[in-house]
Visitor: 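Before anything else, here's the structure in question.
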Protein chains: 2
Amino acid sequence: MNHPIRILIVEDHHVVRQGLAALLSVVDGMQVVGEAADGEAAVAQWNSLRPDITLIDLRLPRRSGVEVIQMIRRREAYARFIVLTTFDGDEDIYRALQAGARAYLLKGMTADVLVSTIRQVHAGKSCIPPVIAQKLAERMGAEELTHREQDVLEQIVRGKSNKEIGVELDISEATVKTHINSLLGKLGVSDRTQAATAAIQRGLVQLDSTGDLRR
Amino acid sequence: MNHPIRILIVEDHHVVRQGLAALLSVVDGMQVVGEAADGEAAVAQWNSLRPDITLIDLRLPRRSGVEVIQMIRRREAYARFIVLTTFDGDEDIYRALQAGARAYLLKGMTADVLVSTIRQVHAGKSCIPPVIAQKLAERMGAEELTHREQDVLEQIVRGKSNKEIGVELDISEATVKTHINSLLGKLGVSDRTQAATAAIQRGLVQLDSTGDLRR
DNA sequence: AATTTTCTCATCCATTCGATGGAGAATGGA
DNA sequence: TCCATTCTCCATCGAATGGATGAGAAAATT
């Protein structure tokens, strides 16, 4: 055997971090060389460690997983990332893959799936589970929301009326309606309530436990 | 030291299970005596192992964590459960506490919090983090939804109109409106869209990645 | 310079929604 | 047993609200 595969783990949940480390520690040819609990630390760690593979969660404090992947890969295109997430309806996974992540894994996976995925990615391959590939294909046909439509959508999720949205964004109620009309079309739904749930489901907006929105 | 605290881990994510086991394996006076990956297995395991403490996730296949706690505690009231969850906006945690769970932990906690919580619960105490205690207090004032209101709420989240809901539940549109009116009051919101997001946020309904609903 | 995309607005129509009052059945306590 | 509470159900009303359409500036892309 040659050099072991050097792995960096980026994950904010202690327990999950421990779990990954524990799983990988018993595998021949793999070595966990570092861990990071937030986005900032992840970039710093990567720069000093130069791991072969980075296992990275997308929901991170201080700097999202997507940002981390983008930042690093812009400079070092050979960097290999494997995305780890709990949710499979998350818009961010598409952004992550677009940013150059090579594989995507749900946290519910088995140890051997994890190991074989790491091996494959290290060998230069990509590894997208069929469920995700499916959704990715579906998403291709979908048009992207414009910035303004996104703004309006967030207000809808907040439960605001058109009038209130107008005040909030400082545009006329009529304009709000126009944006809604087009975003309904793009999302493939027929009213604001469906738009709200669809937005949450697809991860277009994320609700915080406090009731605030993110992104 | 006396006997070690015998612990059962109930969690469907392999990685998290490994993590918990790894964290606890290095702690003196604690011993992981078993693991289960779904609700059914959990009950079976508990019956044969009779652990002192059960660490349990609420989102489980085959049988929810709440159900497991209820089933076991109905017969053996001394059983001690510590709930483990990722989300803090989940309605189920209240049900779990009501079913007799003694403590609640986020998966992002540190190892020492986990250990000290286990010790406290084993000593007969309860251990509810302030964040949760706060929400629990808020929730106290809130009235529970009736069965029918819950039905209607789910349809709302699905994006159905009042007319459609009427057809679906086989009641008149007028009745649907009545239920909506009272559930809006109970949820403390003023329209259906707010009701939908509030429902998702508080875990009153759960959206599957497929777009289907659970519960 | 020309074309496409995005943001903005006005107007029209009516559907859809939420509010209110109230009746019969069921549940449960006194 | 009777009263009280709760739940489910329905009719009607009023109008606010939302969604569809057409169309003109501004910005960006070619």
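Just so we're on the same page: letters track the sequence lines, and every chain starts at 1.
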Visitor: Short question: side chain of A:Glu11, backbone of A:His13 - any donor-acceptor pair under 3.5 Å?
Guide: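 Yes, A:Glu11 side chain to A:His13 backbone: donor-acceptor pair under 3.5 Å.
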Visitor: At a heavy-atom distance below 4.0 Å, what parts of residues 161-180 of chain A sit against DNA chain C?
Guide: A:Ile171, A:Ser172, A:Ala174, A:Thr175, A:Thr178, A:His179
Visitor: Would B:Glu40 and B:Arg63 pass as an ion pair if we require N to O under 4.0 Å?
Guide: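 Salt bridge present between B:Glu40 and B:Arg63.
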Visitor: Answer whether the closest heavy-atom distance between the side chains of A:Ile72 and A:Phe81 falls below 4.5 Å.
Guide: yes
Visitor: Counting C-beta onward and ignoring hydrogens, is there a side-chain heavy-atom pair between A:Asp151 and A:Gln155 closer than 4.5 Å?
Guide: no
Visitor: Looking at B:Val121, is its backbone amide N or carbonyl O close enough to the side chain of B:Arg80 to form a donor-acceptor pair, meaning the two atoms are under 3.5 Å apart?
Guide: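 Confirmed, B:Arg80 side chain pairs with B:Val121 backbone.
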Visitor: Residues from residues 189-196 of chain A sitting under 4.0 Å of DNA chain D, heavy atoms only?
Guide: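 Those residues whose heavy atoms fall under 4.0 Å from DNA chain D, taken from residues 189-196 of chain A in numerical order, are A:Asp191, A:Arg192.
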Visitor: Going by purine N1 to pyrimidine N3 plus the second Watson-Crick contact, or the G-U wobble pair, all under 3.5 Å, which nucleotide sits opposite D:dC13?
Guide: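 In the structure as shown, D:dC13 has C:dG18 as its Watson-Crick or wobble partner.
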Visitor: Quick one: does any side-chain atom of B:Asp38 pair with a main-chain N or O of B:Leu60 as donor and acceptor, under 3.5 Å?
Guide: no
Visitor: Between which nucleotides of DNA chain C, read 5' to 3', does contact with chain A run, using atoms under 4.0 Å from its heavy atoms?
Guide: C:dT6 to C:dA10
Visitor: Can you tell whether the side chains of A:Arg50 and A:Glu76 come within less than 4.0 Å, N to carboxylate O?
Guide: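 Here A:Arg50 pairs with A:Glu76 in a salt bridge, since their nearest N and O are under 4.0 Å apart.
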Visitor: Counting C-beta onward and ignoring hydrogens, is there a side-chain heavy-atom pair between A:Leu145 and A:Leu153 closer than 4.5 Å?
Guide: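 Yes. Closest side-chain heavy atoms under 4.5 Å.
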Visitor: Compare all side-chain heavy atoms of B:Arg119 with those of B:Lys125 and state whether any distance is below 4.5 angstrom.
Guide: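 Side-chain contact under 4.5 Å: no.
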Visitor: Side chains of A:Leu58 and A:Val83: closer than 4.5 Å at any heavy-atom pair?
Guide: yes
Visitor: Output the rounded distance in Å from CG (B:Leu145) to P (D:dT6).
Guide: 15 Å
